[in-house]
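Just so you know, residue 1 is the first one in the sequence shown, and it goes up from there. Remember, it's a predicted structure, so these values are computed and weren't measured experimentally.
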Amino acid sequence: MTFTIENLTERAIAKTIDHSLLRPELDDAFVEAGCRLAAKYDVASVCVRPADVTRATAILDGTDVKVGTTIGFPHGNHATETKVFEARRALADGATELDMVLQIGALKSGRDQEVEDDIRAIVEVAHAAGAIVKVIFENAYLTDDEKIRACRLTEAAGGDFVKTSTGFAPSGATHDDLRLMRANTSPHVQVKAAGGVRTLDALLDVMNLGVTRIGATATEAMILDFRARKAGLAPATTATAETGGY
């Protein structure tokens, strides 16, 4: 099936979006407004900084929007024990989705078992609490062989998603990478695109490559564009893109 404006609903679009609020300079008012925007459009989740999880959980209580946060962000090279502590704290604060960065240096050094064990440690903590784990590869730094190995290690460790990037590296999601990641994971492992999906057309393009989640800051612009085009109007041009992370 090819995804188009005609055969999708607004909810289907919204539930692909993790609204990103990760930039280091965001103040409390911006984060709170971002959470309310996420609730307004009923997106899949917000992805907030670890220190913001409690606040986001309180704001989104009673909605269908999940609270996610980052683990080992943005470089992945924290000790596994540190990542486990981060995960436990995030879950205690109310997060139900964890976007963890794998150990990039270990992967590039061929220490695959350590990479798998690192992912598995977070997956076990998350799954015990009913949460999910998205494993960030940071593809800008990886060869295709390393990306394929990362896919296989993530799946072996029980990860729920493979994810392209943090949004803070030199490049984000590319179509070639998304095809590669979809081709090298089983159907039950989902794919998240982060970095560069800023328009409705870009979202439709990656959905048609097998992506089921994106990290986005231009959430409102995309949904208002969908509404306008679904109604047969010209693409929306007045929406303001938020600047929160990816």
Side-chain angles (χ1 to χ4, degrees), residues 18 22 44-45 47 50 53 66-93 95-169 172-174 177-195 209-215 246:
D18 291 342
L22 295 174
S45 79
C47 192
V53 171
K66 307 295 185 184
V67 175
T69 193
T70 56
I71 305 296
F73 199 81
H75 302 306
N77 294 312
H78 300 53
T80 299
E81 293 81 0
T82 301
K83 290 181 176 178
V84 168
F85 176 85
E86 282 189 291
R88 291 189 189 281
R89 176 60 188 266
L91 295 165
D93 286 346
T96 58
E97 302 198 350
L98 303 179
D99 288 37
M100 72 165 291
V101 188
L102 58 68
Q103 290 185 348
I104 299 167
L107 180 70
K108 295 191 71 65
S109 300
R111 290 185 275 118
D112 288 13
Q113 190 60 55
E114 292 181 36
V115 175
E116 181 180 334
D117 291 346
D118 183 65
I119 297 169
R120 181 177 290 107
I122 306 308
V123 168
E124 289 177 352
V125 169
H127 286 183
I132 66 171
V133 176
K134 304 167 207 159
V135 180
I136 304 171
F137 294 179
E138 203 65 288
N139 285 339
Y141 303 130
L142 305 180
T143 65
D144 282 354
D145 174 70
E146 288 163 350
K147 295 166 196 172
I148 291 169
R149 283 164 42 218
C151 284
R152 293 173 180 167
L153 294 169
T154 296
E155 183 164 351
D160 302 286
F161 280 78
V162 291
K163 176 177 169 181
T164 58
S165 30
T166 63
F168 291 93
T174 69
D177 280 349
L178 293 168
R179 291 187 190 97
L180 184 74
M181 293 163 76
R182 183 64 283 167
N184 286 281
T185 48
S186 299
H188 68 272
V189 178
Q190 299 182 63
V191 179
K192 178 175 174 178
L209 295 176
V211 167
T212 53
R213 290 281 190 95
I214 66 161
Y246 300 134

Do you know the tightest heavy-atom contact between [X] and [Y]?
X	Y	answer
Gly72	Lys83	CA-CE, 4.1 Å
His78	Thr82	CD2-CG2, 4.0 Å
Glu138	Thr166	OE2-OG1, 2.5 Å
Ala44	Asp18	CB-OD1, 3.8 Å
Ala193	Ala173	CB-CB, 3.8 Å
Val53	Ala95	CG1-N, 3.6 Å

What verdict does the side-chain contact (heavy atoms from CB on, under 4.5 Å) test give for Ile132 and Lys66, after you've listed the backbone C-alpha separation in whole Å, the side-chain angles of each residue and the deciding distance to 0.1 Å? CA-CA 11 Å; Ile132 66 171; Lys66 307 295 185 184; over 6 Å; no
Any heavy-atom pair between the side chains of [Y] and [X] that's under 4.5 Å?
X	Y	answer
Val101	His75	no
Phe161	Glu97	no
Glu155	His188	yes
Val191	Val162	yes
Thr80	Gln103	yes

Are Met100 and Val133 close enough, and set up right, to give a side-chain contact (heavy atoms from CB on, under 4.5 Å), and what steps lead you there? CA-CA 7 Å; Met100 72 165 291; Val133 176; 3.8 Å; yes
Under 6.0 Å from the CZ atom of Arg88, do we count more than 12 heavy atoms belonging to anything else shown?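 Atom CZ in Arg88 is not crowded, with 12 or fewer foreign heavy atoms closer than 6.0 Å.
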Can you confirm whether more than 12 heavy atoms, excluding those of Arg111, are under 6.0 Å from its CZ atom?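 Above 12, so yes.
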Gap separating the [atom1] atom of [X] from the [atom2] atom of [Y], nearest 0.5 angstrom:
X	Y	atom1	atom2	result
Thr164	Asn139	OG1	CG	6.0 Å
Leu22	Phe168	CG	CZ	5.5 Å
Ile136	Thr154	CD1	OG1	11.0 Å
Ser109	Glu114	OG	CD	9.0 Å
Glu86	Thr69	CD	OG1	8.0 Å
Asp117	Ile122	CG	CD1	11.5 Å

Under the side chain to side chain donor-acceptor pair (under 3.5 Å) rule, collect the residues that match up with His127, sequence neighbours excluded.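 His127 satisfies side chain to side chain donor-acceptor pair (under 3.5 Å) with Asp160 only.
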Please set out all donor-acceptor pairs under 3.5 angstrom arising from side-chain atoms of residues 142-153, sequence neighbours excluded.
residue : atom : partner : partner atom : Å
Thr143  : OG1  : Glu146  : N            : 3.1
Thr143  : OG1  : Glu146  : OE1          : 3.4
Asp144  : OD1  : Lys147  : NZ           : 3.3
Asp145  : OD2  : Arg149  : NH1          : 3.4
Glu146  : OE1  : Lys108  : NZ           : 2.8
Glu146  : OE1  : Thr143  : N            : 2.8
Glu146  : OE2  : Lys108  : NZ           : 3.3
Lys147  : NZ   : Asp177  : OD1          : 2.7
Arg149  : NE   : Asp112  : OD1          : 3.4
Arg149  : NE   : Asp112  : OD2          : 3.0
Arg149  : NH2  : Leu107  : O            : 2.6
Arg149  : NH2  : Asp112  : OD1          : 2.6

Which residue in the set Val67, Asp99, Leu98 passes side-chain contact (heavy atoms from CB on, under 4.5 Å) when paired with Cys47?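 Of all the options given, the one that passes is Asp99.
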